[in-house]
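Everything on this sheet refers to the single structure shown next.
So you know, we letter chains A, B, ... as the sequences are listed, proteins then strands, and number each from 1. Model, not experiment: these values are computed from the prediction.
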Amino acid sequence: VRDLLTFTVFGIALGAVYAVAASGLVLTYATSGIFNFAHGAIGAFGAFAYWQLLHLGLPVVPSIIVVLVVVGPAMGALVERVFMRGLADAAEITRIVVSIALLFGLMRLIPIIWAPNRNYKIDRFFIGDKITLGGASIGYHELVTIAIAALVALALRALLYGTRSGIAMRAVVDSRTLVELNGARPNRIAQASWGIGASLAALSGILVASVTSLEAVSLTFLVVNAYAAAVVGRLTNLPRTFVGALILGLAQSYAQGYLRDNPSWLPDGWDLATNLRLAIPVLMLFVVLMLMPDAPLRPHGLTRSRERVPRPSWTRSLWGALALVAATFVLSGFMSGSNQLTWSKGLAYGVIMLSLVPLTGYGGQVSLAPLTFAGIGAYGWATWGGTGGAPLAIVAAIALAAVVGALVALPALRLQGIYLALATLAFAYFVEKVVFTQRALFPSANKAAGRPTLFGLGLESNRAYLVFLAACFAVVGLGVVWLRLGSFGRRLQAMKDSPAACATLGINLTRTKVGVFMLSAAIAGFGGVLLAGVTNTAQADEYSALQNLPIVLMAAAGGIAVVSGSLVGGLLLASFTIMQTLVPDLGLFGFDGKTVLTNVLLLAPAIAGVSLGRDPNGMVALIGERVRVANARRIEQRGAPPTPESLRHSLDIEPMGIDQPFTDDALVAIDAALGLDDELASLVVPVGASAEGADRVDA
Amino acid sequence: VAVVAIALTLVAGACGSRADTSSSGGGNAGVEGPANNTDGATVADGKFGDIDIPCGPGSSSGNTASDTGVTADTIAISTLADPGGAKQGLNQGVFDSMQVFVEWCNDLGGINGRKLELSLRDAALFQYKEKVVESCDDFAMVGSLGVFDNLGAQDQVNCGLPNIPAETVNPEQSGADITFAPTPNPPWTYPVTAAQYVKSNFPDAAPKAAMLYTNTSVTKMQSDRQIEAYQSQGFSFGYSSAVNINESAWGPLVVGMKNAGSRYMTLSSTWEEIVPLFEAMDQQDFKPDVVELEANFYNENLPKQAPASADGTLVRLMTWPFEEADQNPTMTQYLGLIDKYKSDAVREYLGVKAFSAGLLFATAVKAMGADVTRAGLVEQIARIGTWDGGGLHAPGEPAKNERGTCMMLMKIEDGKFVREYPKPDVDKEIYDNPIAKGYACPDASTAIVPITSTDFRALGARKQ
């Protein structure tokens with residue numbers, strides 16, 4: 001009984017920390033529609049800021065107040081202004097990757113400000129003091145933590161129900177459009193809620209750091225534990241979130257205390273008790289998501305999505321594939337062995353990212369677990385292929401990934417948007433913590449893996465393997481293009497645009513979803529086989545849940561709806577290491593130039609995120625647009641057939657007649673966009689056009 | 001960006017190898033064997049501790065470009081570590097130490113007229129293979145420490161690249177060909193001197209042992225090895241549990257250990273993890289007879305952060321403690337060089353080993369004279385036999401890849417590390433042993449036990 005009491009108090013204290021963290025998440029999500037994956041990173045930043053203030057000699061309470069009143073709100077407001085504004089109508093994947101970009105930006109920024117390897121430590125409150133209750137020892141720290149959570153709850157209640165801005169926030173949650181029509185400014189409201197959210201993040205960061213250690217990476221990701229609590233509140237309801245946090249804290253504490261022994265029937269090399277115990281937060285996240293009620297099918301596409309899914313052409317794709325293989329063959333001859341390996345990894349990442357093109361790019365389903373499926377593929381390959389690399393093992397490895405993909409898809413079918421993304425992330429965590437840690441699967445940290453052979457030809461040379469990978473990317477890429485142009489691709493597009501319309505037309509959404517999930521898992525699994533071949537090792541640690549985030553981020557940065565986007569994303573992800581070694585050693589205004597430039601490079605993911613927020617179609621689309629504009633200009637300069645001015649701005653057609661009046665130029669632009677040539681267009685009399693035009697028709 | 005980064009540099013306890021002293025002073029170039037050098041004696045000119053400094057003025061005339069990475073007046077070497085991985089700054093001390101070594105050596109004039117050209121290659125955890133392949137164009141890898149060194153061991157062996165690491169971590173690298181750590185740490189054996197010390201000083205603790213480890217493959221493997229070895233010494237682990245990286249719910253685990261009546265505790269993780277564990281133990285009034293930890297907990301921030309109740313915690317060590325630098329002129333010399341060349345260097349025991357690897361390499365190169373080849377390097381290291389970095393650490397025999405028996409135990413006390421065993425007064429006989437003064441050097445037959453549950457020996461990278 002004494003233990004039960006102790007565990008209960010621990011559980012409540014743990015739940016209090018989760019409650020603080022989750023309420024911040026909920027507040028920002030509810031008012032801005034963005035699930036902030038960087039919440040933990042903001043918390044870590046806040047904890048470091050708190051350490052800095054203590055280090056400067058400020059006492060505990062004023063330090064906390066400065067962090068909560070100055071640092072937190074300033075960060076939140078800045079984040080909202082720079083990253084999040086204007087994302088409210090963006091596609092789910094854009095909203096997700098922008099906050100992931102912020103996460104990596106902050107994670108890199110913290111060690112730049114607070115150099116690693118120093119003596120960072122935040123003490124508990126009233127360190128060492130405790131009371132004894134019914135034989136159980138309870139620290140003042142735990143009591144203070146619980147009190148803080150209670151205060152946060154009361155303060156939020158007072159804010160949301162007692163103040164004007166609080167009422168405005170609740171109004172935004174209910175209907176953003178109505179709030180706008182009533183003359184309120186949702187952006188201002190969102191900014192305020194981001195400020196409060198960041199303060200709550202910082203507070204939770206301080207609370208967590210004082211019972212663990214002040215270390216950027218682990219603090220950033222501890223908040224993942226709080227996701228389950230936020231989902232209990234359906235990301236909008238604060239009281240429910242607090243209840244969820246309490247349940248989560250208690251579950252974790254009881255499991256830690258009571259779930260000790262493995263069942264006796266479990267064979268050697270398998271461990272359930274420990275691994276499940278450590279995975280309680282993600283298990284709860286998964287279970288709560290499964291219990292969510294069905295969301296009604298979204299009847300229409302996003303009101304004004306800026307995301308485009310260009311229709312690829314066969315000829316260009318074929319030429320592109322050939323060009324990729326040929327270019328790789330030629331360029332690889334000039335590369336060092338180490339760079340051949342790096343670019344090989346890039347291409348393998350590219351194949352893994354390709355798994356997101358049909359799933360996310362075409363089908364609009366967000367998965368945060370592509371690398372986990374790659375890990376499953378790599379495991380299958382290392383297990384069945386051995387070091388020699390039996391060809392049939394590739395098929396088996398891909399099949400394994402696909403089957404697991406289907407198993408995940410079935411329960412996740414009903415989920416949409418952010419909930420689906422969270423479910424896949426929970427799955428990735430589950431695999432990392434419960435599956436990949438089984439000694440029966442990975443006897444030591446890793447498994448030796450061979451490289452596939454090609455019609456009996458070995459690919460042991462790094463150059464040969466690089467060219468082989470280029471060919472693999474080309475083949476898979478063409479397959480994805482073929483899919484896009486076929487009926488399955490059209491079904492996916494339709495499902496993304498309007499699930500309700502699809503259902504009405506008799507398209508089987510379930511089959512489509514499971515199908516595309518399996519396909520995506522299979523592609524990722526194949527990528528995993530290729531990746532394991534690069535290092536000749538399936539290294540369990542390399543497929544940890546969080547490693548998925550950079551993959552998704554870079555896939556989106558390249559362009560998630562186009563095959564070439566995956567290529568660019570994969571190569572970029574791999575090339576960061578090469579770029580770092582290329583940074584020149586310049587003196588910059590007395591600073592260590594190399595360090596400054598390297599740091600800028602490290603912040604590149606954050607910069608990618610900002611630009612994705614502005615233009616969510618990724619680099620390939622951006623470059624494509626530039627090239628089109630440049631071509632048009634060049635043709636004009638050559639004096640070749642003049643291109644109508646408006647063709648260069650063909651994208652401006654969209655708002656015409658809605659917020660801009662029709663003009664003659666506008667009509668010409670529409671003609672051009674429709675493919676009517678100048679001659680034909682000149683024969684058409686625009687309504688209300690000049691008499692001159694009418695004369696010509698007569699003639 | 002792996003959080004598992006935290007997989008760390010778990011290095012099993014003890015130290016250099018050797019029970020016989022036959023090779024000391026046996027006419028090796030510049031190696032006089034581990035003489036007694038711990039009485040505050042000053043170091044003679046041209047000496048680093050008790051070895052001749054291999055670097056000095058020399059002429060490049062007669063030198064040729066005799067092998068990969070070698071020209072008439074340069075030798076290219078590389079050091080690999082992971083400070084740019086998910087855990088920023090991990091093992092930065094290895095880079096810092098090697099940088100100091102090379103600048104110092106070149107300032108003295110290089111080796112036989114050749115200057116060292118050092119490339120610090122950041123493997124950022126998972127890019128170890130690429131960095132090894134990059135290093136194949138260098139003459140040798142010196143002073144490296146890769147958390148995932150298994151990824152590149154085969155490539156290193158395949159391209160004939162000699163590797164003189166600060167430490168090896170995974171079995172693939174530990175058992176690899178042409179790899180010579182100053183203090184070999186093969187996974188197929190385990191040192192049990194600390195276990196015996198605990199058993200004789202805390203007789204009630206051994207049968208009531210508790211093992212905690214973070215849930216990563218590397219720490220899991222380490223804890224398995226320790227349990228197997230300690231059981232052979234009469235330990236019984238009634239409580240054994242995995243914990244999360246950066247565990248936030250220590251309380252229930254502490255209650256569990258308390259209920260199990262645990263009186264010995266150890267943790268396999270990064271050093272940071274034990275601080276909140278100590279605080280949770282404090283709160284539950286759980287005070288085992290003894291807490292005993294591996295060498296990676298020897299970090300000067302640990303005693304500063306740990307609560308007072310952590311006093312008495314034992315940490316195994318095989319490098320000379322920084323706290324006793326004044327009693328070891330070699331360590332004084334090393335710290336002086338760090339101050340001179342890189343005053344902001346991270347001071348950690350792995351840095352000491354990296355520096356020792358640099359010295360070992362330079363000593364072997366100097367012995368080769370004008371004709372510097374990879375084959376010659378391997379041959380010279382084999383000839384050097386016993387090696388203690390001039391007195392920086394307990395002796396080992398790099399060429400034999402066998403674990404040594406010498407080690408010492410440090411203890412946390414009043415916010416710092418102090419020596420626990422052997423003490424110069426109480427354990428005078430052990431302290432003044434002829435093999436390595438200041439360390440306990442029992443016979444290998446009792447101090448080292450084989451690990452048989454996994455065939456680690458078979459995993460070492462072999463030339464294909």
* To do: Nearest 0.5 Å please: distance from the NZ atom of B/K129 over to the CD atom of A/Q539.
  => 12.0 Å
* State, to 0.1 Å, how close B/A249 and A/L14 come at their nearest heavy-atom pair, and which atoms those are. => CB-CD2, 4.0 Å
* Check each atom of B/Y239 against the heavy atoms of chain A and say whether the ones under 4.5 Å are side chain, backbone, both or neither. => side chain
* Could you tell me which portion of B/A124 (side chain, backbone, both or neither) has an atom closer than 4.5 angstrom to a non-hydrogen atom of chain A? => neither
* Should the pair A/K130-B/D282 be classified as a salt bridge under the 4.0 Å nitrogen-to-oxygen rule? -> no
* What part of A/T537 gets closer than 4.5 Å to chain B, counting heavy atoms only: side chain, backbone, both or neither? -> side chain
* **Contact origin within A/V534 toward chain B - heavy atom pairs under 4.5 Å** => backbone
* To do: Mind checking the CG-CZ spacing from A/L531 to B/F126? Nearest 0.5 Å is all I need.
  => 10.5 Å
* Asked: Can you say whether A/S210 sits under 4.5 Å from chain B via the side chain, the backbone, both, or neither, judging by heavy atoms?
  -> backbone
* To do: Could you tell me which of B/E272, B/E172, B/K131 has the largest number of non-hydrogen atom pairs under 4.5 Å with chain A?
  => B/E172
* Tell me, out of B/D285, B/V132, B/V275, who's got the most heavy-atom pairs with chain A below 4.5 Å. => B/D285
* **Non-neighbouring partners of A/E142 that pass side-chain contact (heavy atoms from CB on, under 4.5 Å), sequence neighbours left out** => A/F10, A/A13, A/R124, A/I138, B/Q283
* Backbone N/O of B/G89 and side chain of A/N117: donor-acceptor pair under 3.5 Å -> yes
* Answer with side chain, backbone, both or neither: which region of B/E300 has an atom nearer than 4.5 Å to a non-hydrogen atom of chain A? => neither
* Is chain B contacted by the side chain of A/L214, its backbone, both, or neither, given a heavy-atom distance below 4.5 Å? -> neither
* Let me know if B/D224 has heavy atoms under 4.5 Å from chain A in its side chain, its backbone, both or neither. => side chain
* Please check if the side chain of B/Q305 supplies one atom and the backbone of A/D123 the other of a donor-acceptor pair under 3.5 Å. => no
* Can you tell which part of A/Y254 gets under 4.5 Å to a heavy atom of chain B, answering side chain, backbone, both or neither? => neither
Using residues 271-279 of chain A as the side-chain source, report each donor-acceptor pair under 3.5 Å to any protein atom, sequence neighbours left out, with the distance given to one decimal.
unit_1 : atom_1 : unit_2 : atom_2 : d
A/D271 : OD1    : A/N262 : ND2    : 3.1
A/D271 : OD1    : A/A273 : N      : 3.3
A/D271 : OD1    : A/T274 : N      : 3.2
A/D271 : OD1    : A/T274 : OG1    : 3.0
A/D271 : OD2    : A/T274 : OG1    : 2.6
A/N275 : OD1    : A/T437 : OG1    : 3.4
A/N275 : OD1    : B/N215 : ND2    : 3.2
A/N275 : ND2    : A/D271 : O      : 3.0
A/R277 : NE     : A/L259 : O      : 3.2
A/R277 : NH1    : A/Q256 : OE1    : 3.0
A/R277 : NH2    : B/S241 : OG     : 2.8

* Is there a side-chain contact between B/K304 and A/K121, using heavy atoms and a 4.5 Å cut-off? -> no
* Engaged part of A/K345 at the chain B interface, taking heavy atoms whose separation is under 4.5 Å -> side chain
* To do: Grab the two heavy atoms, one from B/P276 and one from A/T212, that are nearest each other, plus how far apart they are.
  => CG-O, 3.6 Å
* Could you look at A/Y140 and say if it's the side chain, the backbone, both or neither that has a heavy atom under 4.5 Å from chain B? => neither
* **Region of B/S119 in contact with chain A, defined by heavy-atom distances below 4.5 Å** => neither
* Find out whether A/S213 and B/W271 are in side-chain contact, i.e. whether some heavy atom of one side chain is under 4.5 Å from a heavy atom of the other. => no
* Structure fact -> Bottom line for B/V243: the part with an atom under 4.5 Å from chain A's heavy atoms is backbone
* Given the options B/V346, B/D122, B/L253, which has more heavy-atom pairs under 4.5 Å with chain A than any of the others? -> B/L253
* Can you check whether A/V211's main-chain N or O pairs, donor with acceptor, with B/E279's side chain at less than 3.5 Å? -> no
* Asked: Considering only heavy atoms, which portion of B/D137 lies under 4.5 Å from any heavy atom of chain A: side chain, backbone, both, or neither?
  -> neither
